[in-house]
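When reading the values below, keep in mind they use all heavy atoms of this one structure, side chains included, and skip hydrogens, waters and symmetry mates. Computed from a predicted structure; not experimentally measured.
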Amino acid sequence: MDRFNRPHARNLRTSWDQARNAGARHMTHFMNAMTPLHHRAPGPVDWGLMNDGVTCDLIADGIHLDPAILKLILRNKTSQRVSLISDASCGGPDLLMVNIRFGAKTIVVRNGRTQNSNGNIAGSVITMLNAVRLMLSPWLLSESEVAQMSSLNPARLLRIESRLRIDC
């Protein structure tokens, strides 16, 4: 296995080392619902940050990850090892208040934040365009870095980078 991703993981560091040895190369929804970074209890976050051969994707909506945390991750991983994703489950950024049913579950959107009945984040309403805009804020990244994070890196992960083409 040369592609592997572990969303919402709470495993011990030893299991991450085993995963890397088995071919782990990507972490989905980085930092979301993962055991938090702790100075005496290493886990998936520090493992992902410290392994240069591991890529990750980020939900850049300002809710899943604070902009300061985005900067911390990017300072360590760089734009070459990060992919942007939206995790959009419904609507768009202008969706302020609505209840949405997914089978037996209800997702509530309030002021652009999606949550389940337990109050936990349940997807997002950000579009990729707005994720790109957030990352282009003057204090974060260049246009070429954001283009790489929102197109080339995900295409590499899926092994379809040869299909990318920009016609002007």
Treat each ILVMFWY residue as a node, draw an edge where side-chain heavy atoms are under 4.5 Å apart, and state whether Val109 and Ile121 are in one component. no

Under a 3.5 Å distance rule, please check whether Asn51 uses its side chain to pair with a backbone N or O of Trp47 as donor and acceptor. yes

For a side-chain contact (heavy atoms from CB on, under 4.5 Å) check, start with the C-alpha distance between Met149 and Gln80, then their side-chain angles and the critical distance, and finish with the verdict. CA-CA 7 Å; Met149 292 170 53; Gln80 295 181 6; over 6 Å; no

Among residues at least two apart in sequence or on other chains, which ones pass side-chain contact (heavy atoms from CB on, under 4.5 Å) with Glu145? Ser79, Leu141, Ser142

Which atom names give the shortest non-hydrogen contact between Leu134 and Gly62, and what distance separates them? CD2-N, 4.0 Å

So, using side-chain contact (heavy atoms from CB on, under 4.5 Å) as the criterion, who are the partners of Leu65 when residues are at least two apart? Met31, Asn32, Leu58, Ile69, Leu70, Ile73

Shared ILVMFWY cluster between Ile63 and Val108, side chains joined below 4.5 angstrom? no

Quick test of your reading: applying salt bridge (Lys or Arg N to Asp or Glu O under 4.0 Å), list the pairs with at least one residue in residues 72-81, sequence neighbours left out, ordered by first then second residue. Asp52-Arg81

Give, for atom CE of Met135 and atom NZ of Lys71, the distance between the pair rounded to the nearest 0.5 Å. 11.0 Å

Shortest non-hydrogen contact from Phe30 to Gly48? CE1-CA, 4.1 Å

Step by step, work out the side-chain contact (heavy atoms from CB on, under 4.5 Å) result for Leu49 and Val45. CA-CA 6 Å; Leu49 289 172; Val45 172; 4.1 Å; yes

side-chain hydrogen bond (donor to acceptor under 3.5 Å, both in side chains) partners of Gln115, counting only residues at least two apart: Arg113

Rounded to the nearest 0.5 angstrom, the OG1-CD distance for Thr78 and Gln148 is 7.5 Å

With side-chain contact (heavy atoms from CB on, under 4.5 Å) as the criterion, how do Met27 and Val54 come out once you've worked through the C-alpha distance, each side chain's angles and the decisive distance to 0.1 Å? CA-CA 7 Å; Met27 297 178 78; Val54 173; 3.9 Å; yes

What heavy-atom pair brings Ser83 and Pro154 nearest, and what distance separates the two atoms? OG-N, 3.5 Å

Is the side chain of Asn118 donor-acceptor paired with the backbone N or O of Asn120 at a distance under 3.5 Å, no angle test? no

Tracing side-chain contacts under 4.5 Å among Ile, Leu, Val, Met, Phe, Trp and Tyr outward from Ile85 reaches Ile59

Across all chains, not counting sequence neighbours, the side-chain contact (heavy atoms from CB on, under 4.5 Å) partners of His39 are none

Kindly indicate, with the supporting measurements, whether the criterion side-chain contact (heavy atoms from CB on, under 4.5 Å) is fulfilled by Arg156 and Thr55. CA-CA 11 Å; Arg156 281 185 179 149; Thr55 60; over 6 Å; no

Between Thr114 and Ser124 the two heavy atoms that sit nearest each other are OG1-N, 3.4 Å

Consider only side-chain heavy atoms of I, L, V, M, F, W and Y, link residues closer than 4.5 Å, and tell whether Leu84 and Leu136 are in one cluster. yes

